[in-house]
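Report on the structure given below.
In the text below, chain A, chain B and the rest are named by the order of the sequence lines, each starting its count at 1. All heavy atoms count here, side chains included; hydrogens, waters and symmetry mates do not.
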Number of protein chains: 2
Amino acid sequence: MPNDDDLFEKLRIELRRGSLILAVLGALRVERYGYTLRASLEEAGLPIEEGALYPLLRRLEAQGLLTSEWREEGKRNKRFYRLSADGTRVLGQLLEEWNSISDSILRLTERKQ
Amino acid sequence: MPNDDDLFEKLRIELRRGSLILAVLGALRVERYGYTLRASLEEAGLPIEEGALYPLLRRLEAQGLLTSEWREEGKRNKRFYRLSADGTRVLGQLLEEWNSISDSILRLTERKQ
DNA sequence: GAATTGTACTGTGTGACATACACTATGCGG
DNA sequence: CCGCATAGTGTATGTCACACAGTACAATTC
């Protein structure tokens, strides 16, 4: 039986969903591996579950937006991800779209029409 | 076989998803019926299909965020929707969350870290 | 050697939109 | 009056993506 907090939490999660791709692409302009990427996102205020992050990374790689490399560092093997050229271009487009959506939201919520 | 444009379109749609609730709640601070609501959203830059809008409205009503009333106007029966008190409160919370997400996106995309 | 942290990944379920479709009513040109 | 555009409200289904709850193993700390 969901109470008000559960409801808000549900909506909050839904609101965050679309921004995850943008956040991941943005963070991967600098090379990172999964664990630190996740930490960066959490620090920036967008925590993401591993179960959501890794499939997302694989999808973005399959779509050619990022590349990954399995490499040893500090005695451990880690998979390093980095934005591709296509990814950089798409990130730019998505940011424009994001700004446009932001404007729409402002138009719809800041004025009574 | 998806080309670059299809890919971007897919991501664009995904990016927009979460903002729909916010847009609908924002637009319904003023009473509207489905058709004009849809027109308002499109005008604001967030077009939404009927098949997405009506189920969304029903869900939001089931969650108590808005109320609806079946009423005649201009010789036609129309279902009018309006934000409830709970809806107003949740809209405020979601807007805060939206701003917080926006800040996170900016942090992640405008600076190289 | 136990616990904690670092690191990567899988499987299943749920939920929500996109897409396409269905239906009725009004107004209008010819 | 007869199409046809527009106004208006819905339903059904498929796809897709995340949340959640696990699995697995290495390094470090105590």
Side-chain angles (χ1 to χ4, degrees), chain A residues 2 6-25 31-43 46-63 65-66 68-81 94 101, chain B residues 2 6-25 31-43 46-63 65-66 68-81 94 101:
Chain A
D6 287 343
L7 172 57
F8 172 64
E9 182 61 17
K10 225 175 105 183
L11 297 172
R12 201 181 65 84
I13 286 171
E14 212 173 320
L15 190 59
R16 273 194 17 196
R17 282 183 63 154
S19 45
L20 286 180
I21 290 177
L22 205 45
V24 167
L25 291 180
E31 191 184 59
R32 283 197 166 91
Y33 56 96
Y35 195 81
T36 50
L37 170 58
R38 190 165 171 249
S40 300
L41 294 177
E42 180 150 19
E43 190 197 343
L46 284 172
I48 181 174
E49 296 300 316
E50 290 104 336
L53 179 59
Y54 288 106
L56 174 58
L57 287 170
R58 233 163 284 121
R59 193 165 59 254
L60 293 176
E61 185 171 14
Q63 291 166 339
L65 302 183
L66 55 86
S68 76
E69 186 194 354
W70 188 256
R71 205 166 71 218
E72 188 177 325
E73 191 201 65
K75 295 183 189 170
R76 298 281 298 261
N77 278 329
K78 305 165 185 179
R79 182 170 295 279
F80 289 85
Y81 304 89
L94 286 177
I101 292 173
Chain B
D6 287 342
L7 171 58
F8 173 65
E9 182 61 16
K10 226 175 106 185
L11 297 172
R12 202 183 65 83
I13 287 171
E14 214 175 317
L15 191 59
R16 273 194 19 195
R17 282 183 64 151
S19 46
L20 286 179
I21 290 177
L22 205 45
V24 167
L25 291 179
E31 190 184 60
R32 285 198 165 91
Y33 56 96
Y35 196 82
T36 50
L37 171 57
R38 190 165 171 252
S40 300
L41 294 178
E42 179 150 19
E43 192 197 343
L46 284 173
I48 179 173
E49 296 300 315
E50 293 100 335
L53 179 58
Y54 287 107
L56 173 59
L57 286 170
R58 233 164 286 120
R59 191 166 63 250
L60 293 176
E61 184 170 15
Q63 291 167 339
L65 301 184
L66 55 86
S68 77
E69 188 193 353
W70 189 255
R71 207 165 69 216
E72 187 176 326
E73 192 200 65
K75 296 182 186 169
R76 297 284 296 262
N77 278 330
K78 303 165 187 180
R79 183 171 295 280
F80 289 84
Y81 303 89
L94 286 178
I101 292 173

Would one find a side-chain N or O of A/Y33 under 4.0 angstrom from OP1 or OP2 of C/dT7? yes
Report yes or no: does A/R16 contribute a side-chain atom to a donor-acceptor pair with the main-chain N or O of A/I48 at less than 3.5 Å? no
Specify the separation, in whole Å, of atom CD of A/E72 and atom P of C/dA8. 13 Å
How many angstroms lie between CD in A/E72 and CZ in A/R76, if you round to the nearest 0.5 Å? 10.5 Å
Check the pair A/R12, A/E9 against salt bridge (charged side-chain N to carboxylate O under 4.0 Å, His left out), reporting the backbone distance first and the verdict last. CA-CA 5 Å; A/R12 201 181 65 84; A/E9 182 61 17; 3.1 Å; yes
Mind checking if B/Y81 touches a base, just sugar-phosphate, or nothing, with heavy atoms under 4.0 Å? sugar-phosphate
Quick one: A/F80 CZ to C/dT7 C1', roughly how many Å, whole number? 11 Å
Euclidean distance, atom CG of residue A/L53 to atom P of C/dA8 [Å, nearest integer]: 10 Å
Nucleotide range of DNA chain D lying under 4.0 Å from chain A heavy atoms: D/dA17 to D/dA27
Kindly state each residue pair satisfying side chain to side chain donor-acceptor pair (under 3.5 Å) with at least one member in residues 46-58 of chain A, sequence neighbours excluded. A/R38-A/E50
At under 4.0 Å between heavy atoms, what does B/R38 touch on the DNA or RNA strands: base, sugar-phosphate, or nothing? nothing
So if I define the base as every atom that isn't primed, P, OP1 or OP2, how would nucleotides 16-25 of chain C read as a B/S/- string at a heavy-atom cutoff under 4.0 Å? SSSBB----B
Is it possible for you to check whether B/R79 lies under 6.0 Å from the centre of the six-membered ring of B/Y33, through NZ or CZ, and within 45° of that ring's axis? no
Donor-acceptor contact below 3.5 Å, side chain A/S40 vs main chain A/T36: yes
